[in-house]
Amino acid sequence: MTAILLGAMFTVHLPYGFSSIKLMAVTPAGVQFGPPGFEVDLLYVACLAALVLSGPGPFAIDAS
């Protein structure tokens with residue numbers, strides 16, 4: 001999962017910058033947003049790293 005997120009970050013999201021929300025315009029039809037940056041990808045990689053490093057908790061199915 002981390003490899004997929006890093007691949008998406010470097011190939012798709014990197015040219016659009018860091019921010020995940022870019023307000024392009026406010027029109028009578030509604031708000032228009034630009035393409036997302038790589039902020040969310042980094043958040044997901046950090047969450048995956050936290051899950052891997054913390055290990056199973058006391059409520060895990062295999063806990064005894």
Side-chain angles (χ1 to χ4, degrees):
M1 189 70 186
T2 302
I4 292 171
L5 284 169
L6 290 174
M9 184 174 72
F10 286 116
T11 59
V12 177
H13 300 282
L14 195 64
Y16 301 119
F18 179 73
S19 181
S20 64
I21 298 176
K22 291 186 179 59
L23 180 63
M24 300 301 285
V26 178
T27 64
V31 180
Q32 295 179 349
F33 294 102
F38 59 90
E39 177 183 9
V40 175
D41 292 330
L42 286 178
L43 175 67
Y44 290 157
V45 169
C47 291
L48 286 171
L51 284 172
V52 168
L53 294 174
S54 66
F59 299 112
I61 294 173
D62 60 350
S64 54

Do Leu23 and Val26 have side-chain heavy atoms sitting under 4.5 Å apart?
-> yes
Take atom CD1 of Ile21 as the centre, draw a 6.0 Å sphere, and report whether it contains more than 12 heavy atoms from other residues, nucleotides or ligands.
-> no
Is it true that a side-chain atom of Lys22 and a backbone atom of Gly17 form a donor plus acceptor pair closer than 3.5 Å?
-> no
Could you tabulate the donor-acceptor pairs under 3.5 Å formed by side-chain atoms of residues 48-59, not counting sequence neighbours?
| unit_1 | atom_1 | unit_2 | atom_2 | d |
| --- | --- | --- | --- | --- |
| Ser54 | OG | Ala50 | O | 2.9 |
| Ser54 | OG | Leu51 | O | 3.4 |

Can you measure from CD1 (Ile4) to CE (Met9) and round to the nearest 0.5 angstrom?
-> 14.0 Å
Leu14, Phe18: one ILVMFWY side-chain cluster at the under-4.5 Å cut-off?
-> yes
Rounded to the nearest 0.5 Å, how far does NE2 of His13 lie from CG of Leu6?
-> 11.5 Å
Tell me which donor-acceptor pairs under 3.5 Å the side chains of residues 27-47 have, and how far apart each pair is, sequence neighbours excluded?
| unit_1 | atom_1 | unit_2 | atom_2 | d |
| --- | --- | --- | --- | --- |
| Thr27 | OG1 | Ala29 | N | 3.4 |
| Thr27 | OG1 | Gly30 | N | 3.4 |
| Thr27 | OG1 | Gly30 | O | 2.8 |
| Glu39 | OE1 | Ser20 | N | 3.0 |
| Glu39 | OE1 | Ser20 | OG | 3.2 |

